[in-house]
Amino acid sequence: MTTRDPNSADHDGSRRPSAAYDPADLATQYTPADVEGPLYERWVSAGYFNADAGSAKQAFSIVIPPPNVTGSLHLGHAFQHTLMDALTRRRRMQGYEALWLPGMDHAGIATQTLVERHLADTEGKSKHDFSREEFVSRVWKWKQEYGGKILGQMRRLGDGVDWSRERFTMDDGLSRAVGTMFKRLYDDELIYRAERIINWCPRCLTALSDIEVDHSDDEGEFVSIRYGEGADSIIVATTRAETMLGDTAVAVHPDDERYRHLIGREIELPLTGRRIPIVADSHVDPEFGTGAVKVTPAHDPNDFEIGRRHDLPNLVIMDERATITAPGPFEGLDRLEARPAVVDALRQQGRIVKEVRPYTHAVGHCSRCGTVVEPRLSKQWFVRVEPLAAAAGDAVRDGRVKIHPADLAQRYFDWVDNMHDWCISRQLWWGHRIPVWYGPDGEMVCVGPDDTPPSGAGWTQDPDVLDTWFSSGLWPFSTLGWPDRTPDLEKFYPTSVLLTGYDIIFFWVARMMMFGLYAMSDLGPERSVPFKEIALTGLIRDQFGRKMSKSKGNVVDPLEWMDAYGTDAVRFTLARGANPGTDVPVGEEWVQGSRNFCNKIWNATRFALMNGATVAAEVPPADELATTDRWILSRLSAVTAEVDGYYEDYQFARVSDTLFHFAWDEVFDWYVELSKPVLAAGGARADATRAVLGRVLDVTLRLLHPIVPFVTEELWTTLTGGESVVIAPWPVADPGRRDLAAEAEIADLQRLVTEVRRFRSDQGLKPTQKVAAALAGIEKTRLAEHEAAARALLRLTPPGEAFAPTASLSVLDVTVELDLAGAIDVAAERKRLEKDLAAARKEAGQMSGKLANEGFMAKAPDAVVSKTRERLGIAESEIVRLEAQLAALPSG
RNA sequence: GGGCGCAUAGCUCAGGGGUAGAGCACUCGCCUUACAAGCGAGGGGUCGCAGGUUCGAAACCUGCUGCGCCCACCA
């Protein structure tokens, strides 16, 4: 043999003859706990998952969505990891240089909050009891000690990641990438510092980006307040009465006749004595509220814009904890306490004209802690996203990056086409510190990671750190060594596919697109994209389709299921639910079902081993094989092609379902059963069957391996003697083995067997009870060859001397006559026949109706018409046959 | 306020102009030497409602109803 047959297991020269196998080695049940740990360690120590940047093989690469360093494995991780692992394992088997790169995210706010709580609990200290350096070193210490728990859990899951390339967003290399990126964007004026209204969390005491704010419809109040006196008065309506202390104007629409006379005049702001102008601004909607808006530029983003247009002062009346700082009776109150207090004071002055309560309106909450976000005027750093987002949109629009499923691309476009500037500074200590120094005379210098910061009196570094997603956005290239031109970057960038949930399109996917295209632009438009495809998954749900949440109590720890049913069972369940972009419900019973499947594979392979299945380089040619062998090899080839097709567009559910049904229904239930009498008979046919059985199992195990790696590895190495299925070649569909005639023939056999089984079941015959029967006419059908097999499956013995058939049924031109050694259950038989007759009559009616329809005859395709005729013919002969059988039944 | 998606068996979901599918659940019969985590057989759906297109609609179009999700600076 000069070329390697990809369907042969004979690939590594270290085969162990399966004849050496002792069936006693395998228990009658698969015990995952016995094999998973050792197998994983073996894979890792063999270096199977380590990619070689110097390899000549085509590269396949995936970077993991880095889990938070504080995180632990939940079903969502298990789900996505299973899919990424399957993709990578398949490509590796296909001969790609496959890299799945692991790592973690420092998760700024989340981690800092956790460590603060930890220090409070264990030492009773707050972060202010430490210097910044001390605090950060405590976070690092915490990270060493408690962080990264999820990495161990990934081993349990069987993740085939390259541990030699594990990265962390705060490690030296990635920090250098962050600094380099910041400097470049700064120099290109794509990063700037400005005083703006930003989202501020008064609890976390930091700025937030727009997407870190969750909106919900909350019940509040809507009060109308009269400003000014008499003819000069004007009524404004607000949900945030307390901010009136910071009003610096009232705005009306320029065309609003009601207020035209007031424009340009001043009125007195209640409770403060200040006089504020009435300005005209077309932003105001005359239809809403009273058509007059109080303007608080320092505490509302819209008002800030109005203030800019009219050159109004920004009067700050709250501090960073949202405590009122305006001098007077409200000073020191929290904003939520101040609200009723202010309304009360106004009411006493008779200025409250109307109060609507409750009034439901959208309120922003900190996505981290739920606190109501406060718009706050402050100096922050921003990324000017417009050019970056335009490029990110174009890369998808022009097909350089494909999104699966395609209809989720709209969501991506909606975002990148409407993105606001991104606030990237955070008032935290844990993260990448902004590399900008301020001088004593107001100088501002951005310092690259390899440059020396300015020194001397009065120079200080910006105290803020960057948004976690800034470093995450660099992940596809920072992890490969950027900004250096490393072999890894050369080999593995752009990455092949990004697999992640549709819920972080905005947080992460869009930002990687923007940063990748920008940072790697020297590679040209095709190669600068961070990934060629984006495979979006849905979210994991409980078995009733509900979101998992702690408050519902329906959160599942995947490790518990892995302990109970094995890792493969959990993986298979998750993969089987993975329809692109669609949420995935999972329930424990389904995991049990997957466990059962793994066990079934186990036992089927045991059967093969006990019966001397052989795994040879070549299976005998078709002309030396029986129909059953040709059939299963034909199906194997078809299924292999189907699976490959499904992988191309990430249809893991179909991959899994196809293999499940092929393995269980076709191989285990039919082929194995059909092979039993052949194997028992021995001889050349038995040898051929042993070879086919070995091949079919070998290939099936390899096809299943990416999804259920452990049980397939255990069985495949035993069956084939190969080193590891991890490095076995991926099966290639062999069109030469397709045999539609054999498939049709076996379909007939299945029909015959199933019909007789139904009869037996209806007649209450025990499955094991042998019945004498004649298969009249079978010699004239293509089932002639299969008589012995049919008899074996149906426990039909040949008619003997005293053969006296008491029942008959006909299937496909075969009349099965059975000697039931007694009366048959006439009622049951009548019921059965009448049911079949009704179905046949219905069918015949439908078909003849169609054929009588002139429109149908004139316009339907010929193939459909002839198919209809054929079906009518079959139905009519069924009717004749069934009526005859009913008539022949003894009456009563 | 915009935009998107979904309504198919008891549950969770595939499918997609020409014979309604799966898993689990359910019923009946079986410990048939690979497997009771199994084997065999079976029941169960006018594919949300109303129109339309078509020879033919569960599928395509329109409207409606009911859910779900995303986005949003009408105070």
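It should be emphasised that the depicted structure is a prediction, and the values quoted were computed from it without experimental measurement. Letters A, B, ... are given to chains in the order of the sequence lines, protein chains preceding strands, and every chain is numbered from 1.
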Worksheet item: CG of A:Asp281 versus P of B:rC73: gap in Å, rounded?
Response: 17 Å

Worksheet item: Whole Å only: how far is the CG atom of A:Asn603 from the C1' atom of B:rA36?
Response: 11 Å

Please report the distance separating the [atom1] of [N] from the corresponding atom of [M], rounded so that it comes out in whole Å.
N: B:rC60; M: B:rA25; atom1: P; result: 32 Å
N: B:rC55; M: B:rC64; atom1: P; result: 28 Å
N: B:rA20; M: B:rC30; atom1: P; result: 34 Å
N: B:rG3; M: B:rA22; atom1: C1'; result: 33 Å
N: B:rU62; M: B:rA75; atom1: C1'; result: 38 Å
N: B:rC26; M: B:rA34; atom1: C1'; result: 28 Å
N: B:rG23; M: B:rA37; atom1: C1'; result: 15 Å
N: B:rC71; M: B:rU53; atom1: P; result: 41 Å

Discussion item. To the nearest 0.5 Å, what is the distance between OG1 on A:Thr605 and CG on A:Leu719?
Written reply: 6.5 Å

Worksheet item: Using 4.0 Å as the upper bound for N to carboxylate O, is an ion pair formed by A:Glu834 and A:Lys831?
Response: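 Answer for the salt bridge query: no.
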
Every protein N/O lying under 3.5 Å from an N/O of nucleotides 2-9 of chain B:
none

Worksheet, complete the sentence: Here RNA chain B, pairs taken as Watson-Crick or G-U under 3.5 Å and shown with ( ), [ ] when crossing and | when to another strand, reads (((((((..((((....[..)))).(((((.......))))).....(((((..]....))))))))))))....

Side chain of [X] (C-beta onward), nearest among [options]:
X: A:Arg654; options: B:rC73, B:rG15, B:rC71; result: B:rG15
X: A:Ala604; options: B:rG16, B:rA34, B:rA41; result: B:rA34
X: A:His283; options: B:rA75, B:rC71, B:rG18; result: B:rA75

Mind checking if [X] touches a base, just sugar-phosphate, or nothing, with heavy atoms under 4.0 Å?
X: A:Thr582; result: sugar-phosphate
X: A:Asp285; result: base
X: A:Thr605; result: nothing
X: A:Lys770; result: nothing
X: A:Pro861; result: base
X: A:Ala860; result: base
X: A:Val672; result: base
X: A:Asn579; result: sugar-phosphate
X: A:Gln769; result: nothing

Worksheet, complete the sentence: In short, side-chain hydrogen bond (donor to acceptor under 3.5 Å, both in side chains) pairs touching residues 758-767 of chain A with sequence neighbours left out are A:Arg758-A:Asp836

Discussion item. ring-ring contact (aromatic ring centres under 6.0 Å, His included), that's the test. Do A:Phe607 and A:Tyr671 meet it? Break it down for me.
Written reply: CA-CA 12 Å; A:Phe607 169 84; A:Tyr671 184 71; 9.6 Å; no

For nucleotides 22-29 of chain B, give me every protein contact, N/O to N/O, under 3.5 Å, one pair per line with atom names.
from, atom 1, to, atom 2, distance (Å)
B:rA22, O2', A:His661, NE2, 3.4

Discussion item. Can you see whether A:Asn599 engages A:Tyr565 through a side-chain donor-acceptor pair at a distance of less than 3.5 angstrom?
Written reply: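 No donor-acceptor contact under 3.5 Å links the two side chains.
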
Response to the item:
Walking RNA chain B from its 5' end, the first of A:Asn611 and A:Arg758 to be reached, judged by nearest nucleotide, is A:Asn611

Discussion item. Heavy-atom nearest nucleotide on RNA chain B for A:Arg240 versus A:Met857: which residue maps closer to 5'?
Written reply: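 On the 5' side of the pair lies A:Met857.
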
Fill in: side chain to side chain contact (heavy atoms under 4.5 Å, CB included) partners of A:Gln750, counting only residues at least two apart
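Counting only residues at least two positions away or on another chain, A:Gln750 forms a side chain to side chain contact (heavy atoms under 4.5 Å, CB included) with A:Trp631, A:Trp670, A:Ile746.
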
Discussion item. Any residue in residues 541-549 of chain A with a heavy atom nearer than 4.0 angstrom to RNA chain B? Just list them by number, or reply none.
Written reply: A:Gln543, A:Phe544, A:Gly545

Fill in: Side-chain-base donor-acceptor pair under 3.5 Å for A:Glu755 and B:rA41
no

Worksheet item: So, does the side chain of A:Arg757 form a donor-acceptor pair with the base of B:rA41 at under 3.5 Å?
Response: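 No pair found.
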
Practice prompt. Determine whether A:Val293 and A:Val250 make a side-chain contact, defined as any pair of heavy atoms from C-beta on separated by less than 4.5 Å.
Written response: no

Worksheet entry | Residue pair A:Asp503 / A:Leu539, side-chain heavy-atom distance below 4.5 Å |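 The answer is yes; the side chains approach within 4.5 Å.
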
Worksheet item: Would you say B:rC39 has OP1 or OP2 under 4.0 Å from some side-chain N or O of A:Lys600?
Response: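 Checking A:Lys600 against B:rC39: at least one side-chain N or O falls below 4.0 Å of OP1 or OP2.
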
Worksheet item: With under 30° as parallel and over 60° as perpendicular, where do the rings of A:Tyr359 and A:Phe222 fit, or are they tilted in between?
Response: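 Parallel, since the angle between the ring planes stays under 30°.
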
Item to complete: Count the heavy atoms belonging to other residues, nucleotides or ligands that lie under 6.0 Å from CG of A:Asn418, then report whether that count exceeds 12.
Response: yes

